[in-house]
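Notes follow the structure.
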Amino acid sequence: MSNSDFTPRDNFGSRFGIIAAAAGSAVGLGNIWKFPYVAGQNGGGAFLIIYLLFIIAIGLPVMLSEFSIGRRAQRNAIGSFKKLAPGSPWYLVGVMGVVAAFLILSFYSAVAGWTLEYIFKSLTNTFAGKDELELNAMFGSFISGTWRPLFWQMIFMILTAWIVMAGIKKGIEKYTKVLMPLLVVMIVMLCVRSLTLPGSGEGMAFLFKPDFRGLSADAVLGALGQAFFSLSLGMGTLITYGSYIGRNYNLSQTVVQVSAADTIIAIMAGIAIFPAVFAFGIDPAEGPGLVFITLPNIFQQIPGGYFFALVFFILLAVAALTSSISVLEVVVAWFVEELRLTRRKATVLAAVMISVLGVFCTLSFGVMSDVTIFGMVFFDLMDFTASNLLLPLGGLLIVLFVGWYLGADRSRHEISNQGKLRLGYFPVFMFLVKFIAPFAIALVFIYGLGLLRL
Ligand code: PFF
């Protein structure tokens with residue numbers, strides 16, 4: 001038996017703490033930066049419908065699977081599989097998760113750094129009087145620079161590490177409990193502002209009226225990747241968080257609440273953005289520059305724009321921070337439990353290693369922009385490998401693990417809190433994890449990689 005079996009594990013202290021931390025992980029740049037532009041590029045409402053279907057049929061069962069694996073094992077992402085399936089190669093799913101955590105945080109921290117720069121730019125009223133072209137040039141010259149984006153990226157990594165180092169209750173839970181309500185207040189304010197602009201109705205129609213002509217096969221894979229990324233699934237983040245959830249909390253309820261919060265915030269981000277975009281007659285398919293170019297352009301033309309720009313970029317940074325701590329925690333928990341490092345050392349080591357990888361991501365918009373691997377710059381390679389390959393593959397293996405390896409009895413025991421909760425929906429969950437989710441993930445995955453043409 002290992003040492004860690006005797007040391008009490010840090011745990012979340014309250015129900016609200018669990019929701020704040022898990023929703024904090026889920027709600028991030030994926031919701032506010034990525035979702036609106038990916039939806040914008042893929043037909044708006046139609047993309048939203050596919051996305052919602054994936055959340056319900058795949059997202060919910062994968063999330064419940066992750067929580068139950070973690071809580072049952074009381075271990076990090078790799079250790080959980082080693083404990084529940086000793087002597088088998090299942091632990092490789094956890095290894096993939098840790099690798100994904102490295103890749104994701106390397107590019108995530110780059111974009112998170114941009115949000116800090118844009119808070120600074122909002123504060124100093126830099127957008128005022130600039131037209132779309134000038135704002136475009138401003139964004140381009142900032143991200144293609146070297147020291148400035150690196151500086152902000154490092155500040156962001158330090159903030160992330162600082163919270164993680166403080167532990168679960170005194171770090172992650174303490175901060176997410178304050179930051180998540182703040183995030184909700186900010187996004188509500190932005191939605192109200194956007195909806196009260198003249199001509200905003202068209203943006204709502206774009207977001208909610210399905211037009212399946214804009215939907216390609218790529219968009220369907222994109223929706224799956226986006227669902228995984230947005231719910232923080234497939235890489236053991238929620239296995240790790242699940243291991244900090246006490247035995248008396250209701251896991252399925254938490255899953256529904258966290259997924260609902262994540263989806264509602266993504267839709268609210270769409271409501272904060274598209275009505276404003278349409279009110280100004282701008283093309284919604286602007287791509288990654290949507291929030292860094294289009295929005296500043298709009299902000300500087302609307303009443304209260306200075307204030308709303310500031311709120312928007314603080315919102316982005318807060319959302320990014322509560323997510324990045326959960327990604328770093330995957331690596332730190334593993335370092336602490338399997339490599340026996342102190343939490344302090346583990347956090348510093350993980351943050352430094354990820355930052356090194358992060359430098360390449362940031363520089364891939366500047367001095368390394370012509371270095372491509374498989375036709376992608378480093379940033380895109382990290383994003384694609386993690387979001388479109390590792391996360392869906394990880395999610396597939398996780399549901400197979402719960403459906404076929406752990407099986408119905410042990411899963412029911414865990415999810416029902418040792419039989420204390422009545423689970424009327426349990427057969428549906430089992431059916432989803434055994435058949436529907438694996439099949440759907442595999443199909444979309446294979447199709448998306450171009451190995452199958454329908
Ligand atoms: N869910 C986060 C977002 O939507 O921005 C990103 C993320 C966090 C992905 C944690 C994966 C993860 F494990």
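Counting starts at 1 for both ligands and their atoms, following the listed order.
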Could you go through Asn417 and Asn250, starting from their C-alpha distance and side-chain angles, then the distance that decides it, and tell me whether this counts as side chain to side chain donor-acceptor pair (under 3.5 Å)? CA-CA 7 Å; Asn417 298 354; Asn250 186 332; over 6 Å; no
Can you tell me which residue and heavy atom of the protein come closest to atom 9 (C) of ligand 1, and the distance to 0.1 Å? Phe229 O, 3.3 Å
What I want to check is whether the side chains of Thr237 and Glu66 have a donor and an acceptor closer together than 3.5 Å. no
One finds that the ligand 1 atoms under 4.0 Å from a non-hydrogen atom of Val327 are 8 (C), 10 (C), 12 (C)
Please report whether ligand 1 has a polar contact with Gly30, defined as an N or O pair separated by less than 3.5 Å (distance criterion only). yes
Contact (N/O only, under 3.5 Å) between Ser230 and ligand 1: yes
Give a yes-or-no answer on whether the side chains of Arg148 and Gln153 include a donor-acceptor pair shorter than 3.5 Å. no
Could you check atom 8 (C) of ligand 1 against the protein and tell me its nearest heavy-atom contact, residue, atom and distance included? Ser232 OG, 3.3 Å
Presence of salt bridge, Lys83 and Glu337, under 4.0 angstrom: no
For atom 4 (O) of ligand 1, grab the closest protein heavy atom and report residue, atom and distance to one decimal in Å. Ala26 O, 3.0 Å
Go through the side-chain N and O atoms of Glu329 and Thr240 and say whether any donor and acceptor fall under 3.5 Å apart. no
Taking distance alone, with no angle check, do Thr237 and ligand 1 share an N/O pair under 3.5 Å? no
Distance alone, cut at 3.5 Å: any donor-acceptor contact between the side chains of Ser323 and Ser25? no
Min N/O separation Leu233 to ligand 1 under 3.5 Å: no
Which of the ligand 1 atoms, numbered from 1, are nearer than 4.0 Å to a heavy atom of Asn31: 4 (O)
Polar side chain donor-acceptor pair, Arg71 to Ser243, under 3.5 angstrom: no
If you measure every N/O of Ile104 against every N/O of ligand 1, is any gap under 3.5 Å? no
Taking distance alone, with N or O pairs closer than 3.5 Å, would you say Met235 contacts ligand 1? no
Under 6.0 Å from the ring centre and within 45 degrees of the ring axis: does the NZ or CZ of Lys34 meet both conditions for the six-membered ring of Phe229? yes
If you count the atoms of ligand 1 from 1 in the order shown, which ones are under 4.0 Å from a heavy atom of Ser326? 10 (C)
Just checking, Lys121 and Phe142: is the charged tip under 6.0 Å from the six-membered ring centre and within 45° of the axis? yes
Should we count OH of Tyr425 as having more than 12 external heavy atoms under 6.0 Å? yes
For Leu29, take its heavy atoms, then give the atoms of ligand 1 lying under 4.0 Å from any of them. 5 (O)
Is Ser25 touching ligand 1 with its side chain, its backbone, both, or neither, if touching means heavy atoms under 4.0 Å apart? both
Which of the atoms in ligand 1, numbered in the order shown and given with their element, are less than 4.0 Å from a heavy-atom of Ser323? 2 (C)
Should Tyr108 be counted as touching ligand 1, given the test is an N or O pair under 3.5 Å? yes
